[in-house]
Amino acid sequence: MADNAENNSEDEFRDMMRDFLSGDGEIDPAKLAGAAGLPNDPAMIQQLLSQLQNALGKSGDGINWDIALEQAKNLASQSTVVSLPAERSKLEQAMHVAALWLNEVTDISELTVEPKLLSRSEWVTITMPIWTQLAEPVANSIANSLTDVLKQNAPEEMTDMLSGASKMMRNIGGTLFAMQLGQVVGQLSSEVVSGGDIGIPLFDEQQAVLVPQSVFAFGNGLDLPDSEIHLYLSVRELASDFDPNNPEELRDAMTNGSLIPPKSEEQREALERLETVLALVEGWVDVVTAAATSRLPAREAIAETVRRRRASGGPAESAFATLVGLELRPRRLREAAAMWQHVTDELGAEQRDSLWSHPDLMPTAADIDDPAALVARLRDGGSTPDDIDQAINDLLNDESGDRPHEGDNS
């Protein structure tokens with residue numbers, strides 16, 4: 001009997017939604033598209049309505065991420081221009097020279113696989129599995145919230161209907177989010193220049209990636225030699241692709257849902273740690289790239305363009321803010337770069353890079369704030385005890401001090 005009541009509720013809700021999606025409802029579909037972060041375009045609105053109608057007929061529970069891939073590929077294909085063999089050859093040569101230059105300033109940037117040149121559409125296809133991993137916890141949270149809000153605000157006469165249609169509402173919420181994700185990734189495909197633009201590992205292998213179309217567009221209006229721009233961006237990408245420790249840990253921190261609002265104190269601390277690690281990686285890349293490209297006359301001008309692009313809200317910020325609420329603060333990145341530069345100047349590149357060799361050696365947020373203290377600790381051989389070591393030492397010293405000496409009659 002309960003199953004029949006639930007089925008009737010689902011059928012009633014499905015009929016109501018079909019009336020709305022066919023244009024008989026009171027909500028403007030354009031407003032729905034806007035709420036989902038989609039453009040007010042007739043073709044896009046029609047696609048949205050079609051996908052939502054499909055969601056009504058879906059029997060399973062879960063998000064159809066193929067919608068995101070299709071949406072992103074369609075958007076990317078609109079601006080994709082296939083690079084010519086001569087253009088690809090220039091970038092391949094630039095990557096080769098960049099690898100040689102990097103080997104002069106660091107020992108930890110060698111790649112395990114050959115660099116890859118991707119079209120915008122190819123970038124979408126290859127990176128989408130990672131985007132869906134990043135987005136799934138947020139999407140599930142939004143779908144649950146949508147269900148709760150509808151139930152709480154529905155008229156009393158609709159309560160039974162909505163209670164029996166929660167799975168269907170989750171499918172609709174998931175469809176809206178999948179289309180939004182596709183829109184974001186499709187837009188990113190026209191912005192990203194390289195694999196390291198986003199700041200987290202987007203590829204399953206340690207691999208450098210350039211998007212030739214975007215690389216060639218990067219220099220538009222700069223009045224700088226294309227060859228120097230290609231070399232600088234190649235060096236930066238090769239440096240971005242090094243394995244700082246365990247890139248899966250970075251990815252896992254962003255895919256386990258712990259960063260979804262509302263944030264507890266523990267979640268805020270996790271977010272701060274993640275922001276610190278990302279700032280450390282990006283700051284290290286800045287310093288190493290500057291050292292490796294010192295022979296390029298236009299190095300400073302290109303670096304400033306990269307900084308402005310990042311500070312104005314580039315690919316990383318828009319993607320992170322949309323998917324997990326993580327914003328990369330340019331100020332923190334500059335501070336991290338200043339810390340790495342101070343360590344390099346005081347101790348050299350070898351000791352600088354040795355800090356990546358173990359998680360316990362990695363600089364902290366406090367080290368970013370006070371590079372001089374970090375250098376002093378490293379000069380001390382890294383023997384400055386942390387809080388736990390200090391507590392153990394204090395305990396042992398206390399016990400030693402309390403231990404009676406031989407011949408002590410007390």
Heavy-atom donor-acceptor pair, S294 side chain to A290 backbone, under 3.5 Å = no
note = d(L355 CG, L374 CG) to nearest 0.5 Å is 6.0 Å
query = With distance as the sole test, does W340 use its side chain to make a donor-acceptor pair with the main-chain N or O of L280 at under 3.5 Å?
reply = yes
inquiry  = When you compare the side chain of Q71 with that of Q183, does any pair of heavy atoms fall below 4.5 Å?
reply    = yes
ask   = Checking side chain to side chain contact (heavy atoms under 4.5 Å, CB included) against W65, which of Q133, M128, E70, E136 comes through?
value = E136
ask   = Does the side chain of D345 come under 3.5 Å of the side chain of Q341 through a donor N or O and an acceptor N or O?
value = yes
message = Testing the 3.5 Å rule here: is there a donor-acceptor pair between the side chains of T344 and R352?
response = yes
message = Looking at R379 and E346, is any side-chain nitrogen of the basic one under 4.0 Å from a carboxylate oxygen of the acidic one?
response = yes
inquiry  = With a 3.5 Å distance limit and no angle check, can you tell me whether Q213 reaches the backbone of V193 through a side-chain donor-acceptor pair?
reply    = no
ask   = Counting N and O atoms only, with roles assigned by atom type, does the side chain of S354 sit under 3.5 Å from a partner on the main chain of Q351, one being a donor and the other an acceptor?
value = yes
task = Give a yes or no on whether the backbone of E114 and the side-chain of Q207 come within a donor-acceptor separation of less than 3.5 Å.
result = yes
request  = Scan side-chain atoms only and decide if S121 and T80 contain a donor-acceptor pair under the 3.5 Å cut-off.
outcome  = yes
key: Closest heavy-atom pair and its distance - T289, A239   = OG1-CB, 4.1 Å
ask   = Okay, side chain of E237, backbone of A208: is any donor-acceptor separation there less than 3.5 Å?
value = no
key: Worked verdict on T276 versus T364 for side chain to side chain contact (heavy atoms under 4.5 Å, CB included)   = CA-CA 7 Å; T276 297; T364 63; 5.8 Å; no
ask   = Could you state the interatomic distance from CD1 (I302) to CG (L233), rounded to the nearest 0.5 Å?
value = 7.0 Å
query = Taking all non-hydrogen atoms of both residues, which atom of L181 and which atom of A68 are closest, and how far apart?
reply = CD2-CB, 4.0 Å
request  = Return the minimal non-hydrogen interatomic distance between V124 and A72, and the atom names on each side.
outcome  = CG1-CB, 3.5 Å
key: Closest approach of I63 to G174 (non-hydrogen atoms, all atoms of both residues)   = CG2-O, 3.7 Å
request  = Rounded to the nearest 0.5 Å, what's the gap from CG on D367 to CE on M339? Could you check?
outcome  = 7.0 Å
ask   = Can you list every pair that meets side chain to side chain donor-acceptor pair (under 3.5 Å) and has a residue in residues 218-230, with sequence neighbours left out?
value = none
ask   = Do V211 and F216 touch side chain to side chain, with heavy atoms closer than 4.5 Å?
value = no
ask   = For the atom pair CD1 (I126) and CH2 (W131), what is the distance rounded to the nearest 0.5 Å?
value = 14.0 Å
key: Presence of salt bridge, K90 and E87, under 4.0 angstrom   = no
request  = Starting from the C-alpha separation in whole Å, work towards a yes-or-no answer on salt bridge (Lys or Arg N to Asp or Glu O under 4.0 Å) for D370 and R377.
outcome  = CA-CA 11 Å; D370 191 357; R377 188 169 74 246; over 6 Å; no
message = Please check: side-chain N/O of T293 versus main-chain N/O of L296, any donor-acceptor pairing under 3.5 Å?
response = no
message = Contact between V306 and R309 at the side-chain level, heavy atoms closer than 4.5 Å - yes or no?
response = no
inquiry  = Any salt bridge linking E282 with R236? Criterion: basic side-chain nitrogen under 4.0 Å from a carboxylate oxygen.
reply    = yes
message = Check this for me, if you would: do E104 and R295 make a salt bridge, where the nitrogen-to-carboxylate-oxygen distance has to be below 4.0 angstrom?
response = yes
task = Hey, could you give me the CH2/CG distance between W284 and D353, rounded to the nearest 0.5 Å?
result = 5.5 Å
query = Does a side-chain N-to-carboxylate-O contact under 4.0 Å join R307 and D286?
reply = no
ask   = Going by atom types alone, do S83 and R88 pair a side-chain donor with an acceptor below 3.5 Å?
value = yes
key: Salt-bridge contact K116-E122 (side-chain N to carboxylate O under 4.0 Å)   = no
task = Just do the side chain to side chain contact (heavy atoms under 4.5 Å, CB included) check on L231 and W101 with the steps written out, would you?
result = CA-CA 10 Å; L231 278 167; W101 288 2; 3.8 Å; yes
message = Test side chain to side chain contact (heavy atoms under 4.5 Å, CB included) on S189 and V185; report intermediate values, then the result.
response = CA-CA 6 Å; S189 71; V185 176; 5.9 Å; no
Spacing of F218 atom CZ and L210 atom CG [to the nearest 0.5 Å] = 11.5 Å
inquiry  = Checking W123 against S119: is there a side-chain donor and acceptor pair closer than 3.5 Å?
reply    = no
query = Under 4.0 Å between a Lys/Arg side-chain N and an Asp/Glu carboxylate O for R310 and D197?
reply = no
Residue pair S214, R120: steps toward the side chain to side chain contact (heavy atoms under 4.5 Å, CB included) verdict = CA-CA 8 Å; S214 300; R120 291 174 177 175; 3.4 Å; yes
message = Could you report the tightest heavy-atom contact between L224 and A298, atom names first, then the distance?
response = CD2-CB, 4.0 Å
note = Heavy-atom nearest pair, A336 first then I368, reads N-CG2, 3.8 Å
